[in-house]
2 protein chains.
Amino acid sequence: MTTKTKIMKAAEELFAHGGFHHTTMRAITSKAGVNLSAVNYHFGSKEALLTAIFDMHWTPINEERVQRLSRVAKKSQEEPQPPTIEEAMRSFIEPTFALFQSGASGGYFRIIVGRALSEPDQTVREIFLHRVMPVIEMLKDLLCQAMPRTSRAEVSWKLRFALGAMSQTLTGHNQPPLFYLGEEKVSSGVVDLLIGFIVKGMQE
Amino acid sequence: MTTKTKIMKAAEELFAHGGFHHTTMRAITSKAGVNLSAVNYHFGSKEALLTAIFDMHWTPINEERVQRLSRVAKKSQEEPQPPTIEEAMRSFIEPTFALFQSGASGGYFRIIVGRALSEPDQTVREIFLHRVMPVIEMLKDLLCQAMPRTSRAEVSWKLRFALGAMSQTLTGHNQPPLFYLGEEKVSSGVVDLLIGFIVKGMQE
DNA sequence: GACCATTTCAAACAACTGTTTTAACTATGC
DNA sequence: GCATAGTTAAAACAGTTGTTTGAAATGGTC
């Protein structure tokens with residue numbers, strides 16, 4: 001395993017566990033078993049390291065999201081009927097939760113994503129928002145078509161509720177308990193439970 | 001206005017805007033217009049300052065929550081029918097959103113609370129969890145009665161979805177945009193929209 | 001083996017962190 | 001008017017932060 005990979009793997013876990021700001025370069029390089037200056041040499045800065053981690057996992061996920069959302073949009077243009085809330089939300093949510101299955105490293109990344117929604121740190125927030133906003137807009141447009149009797153402002157709020165619920169599922173894990181209610185187990189069934197919750201909640 | 005009050009007011013806004021870790025003592029005392037050492041003199045430490053802010057707003061809100069939840073629990077014991085999802089969730093949510101109306105300072109505190117759910121910083125998390133867990137357990141018990149055909153694990157997840165949605169409403173404000181979808185406005189109608197979303201989402 | 005670019009390493013850097021110290025100030029009670 | 005307790009002030013504290021430096025080591029190519 002290359003130094004670069006070792007750093008990314010270690011940083012991902014530490015960022016997920018303790019957040020970006022709280023994680024020090026020394027903690028990262030120590031866990032990775034490399035020299036302190038290796039991060040600046042290979043990535044340039046701590047922030048660039050986070051960006052690299054983000055892009056590695058985020059890009060393939062987002063491509064699938066855009067593809068599926070485009071397909072739904074196209075279908076609704078060809079057929080006379082608008083898209084359903086469920087197919088719109090599924091196109092967005094399901095690719096995201098591939099993170100649950102994508103090996104050990106993805107398992108940590110999903111926590112970073114789950115937290116990004118209410119992240120106070122401007123560095124993290126900007127990296128995240130810049131990547132998620134375009135696809136959010138696509139999703140919102142589809143939802144407006146799916147809920148023709150609902151104002152765009154109300155759709156925006158409902159979408160935000162949905163993203164909040166989704167965020168909790170992404171950060172949801174058994175240990176360490178960030179906010180562990182004591183009864184949940186992360187399994188594939190949870191994604192369907194989440195989608196069911198959101199679809200019912202959004203209904204006009 | 002006393003030095004203590006000046007500090008709490010300034011810190012609350014800064015904690016809400018930039019998070020606990022990122023906000024420095026110098027930023028707080030500078031904004032409050034007091035000497036740097038005043039925080040340690042009046043509160044003991046930065047962490048104790050956060051605790052003081054938390055307790056000031058949290059205590060009255062939580063008392064009302066517990067009162068209302070107890071009333072619902074008692075009523076469901078006397079009458080033959082179980083509580084509804086809506087009255088359980090309303091008892092929990094509505095007192096929280098008094099923060100929206102409780103003047104300028106409360107307006108900042110609600111952001112701190114909204115973020116706490118996915119907070120990576122252990123200091124903040126522990127302060128928050130220690131205070132919110134007991135009432136969450138009360139709420140969960142009521143919800144299990146309201147959804148007798150649903151397993152406790154599933155109720156736990158649904159409650160977590162609900163808290164995630166609620167978190168987004170608490171942090172929801174027009175500026176600065178932490179995660180601003182562009183269309184929302186925070187008004188009293190949002191709370192009803194949120195409750196409607198959650199109640200429908202939870203339905204068996 | 002000599003040359004080269006690439007990578008690693010230990011050490012130091014300046015800037016910033018929360019906290020402590022010690023002296024100065026302010027008001028109150030007698 | 002003076003002692004006293006409470007509060008404020010400037011300065012320094014020790015520790016940590018991300019980053020930079022310049023030398024040492026490494027690995028491939030001729």
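Order of the sequence lines sets the chain letters (A, B, ...), proteins ahead of strands, with each chain counted from 1.
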With B:F20 via ring pair (Phe, Tyr, Trp, His ring centres under 6.0 Å) - residues at least two apart: B:F15

Listed in order of residue number, which residues of residues 33-45 of chain B have a non-hydrogen atom at under 4.0 Å from DNA chain C? B:L36, B:S37, B:N40, B:S45

Within the side chain of B:K158, is there an N or O that forms a donor-acceptor pair under 3.5 Å with the backbone of B:M202? yes

Between the main-chain N or O of B:T150 and the side-chain N or O of B:E204, is there a donor-acceptor pair closer than 3.5 Å? yes

Under 4.0 Å between a side-chain nitrogen and a carboxylate oxygen: does that hold for A:R90 and A:E94? yes

Any residue in residues 46-54 of chain A with a heavy atom nearer than 4.0 angstrom to DNA chain D? Just list them by number, or reply none. A:K46

For B:K200, all residues meeting salt bridge (charged side-chain N to carboxylate O under 4.0 Å, His left out), sequence neighbours excluded: none

Who passes salt bridge (charged side-chain N to carboxylate O under 4.0 Å, His left out) against B:E126, sequence neighbours left out? none

Counting the atoms with a prime plus P, OP1 and OP2 as sugar-phosphate, which does B:T23 contact under 4.0 Å by heavy atoms, base, sugar-phosphate, or nothing? sugar-phosphate

Rounded to the nearest angstrom, tell me the gap between atom [atom1] in [X] and atom [atom2] in [N].
X     : N      : atom1 : atom2 : value
A:H22 : D:dG18 : NE2   : C1'   : 16 Å
A:R26 : C:dC13 : CZ    : P     : 14 Å
B:I28 : C:dC16 : CD1   : P     : 17 Å
B:M25 : D:dA10 : CE    : C1'   : 16 Å

Could you check if a side-chain atom of B:H22 sits within less than 4.5 angstrom of a side-chain atom of A:Q122, using non-hydrogen atoms only? no

The side-chain contact (heavy atoms from CB on, under 4.5 Å) partners of B:E87 (sequence neighbours excluded) come to B:V72, B:K75, B:P83, B:T84

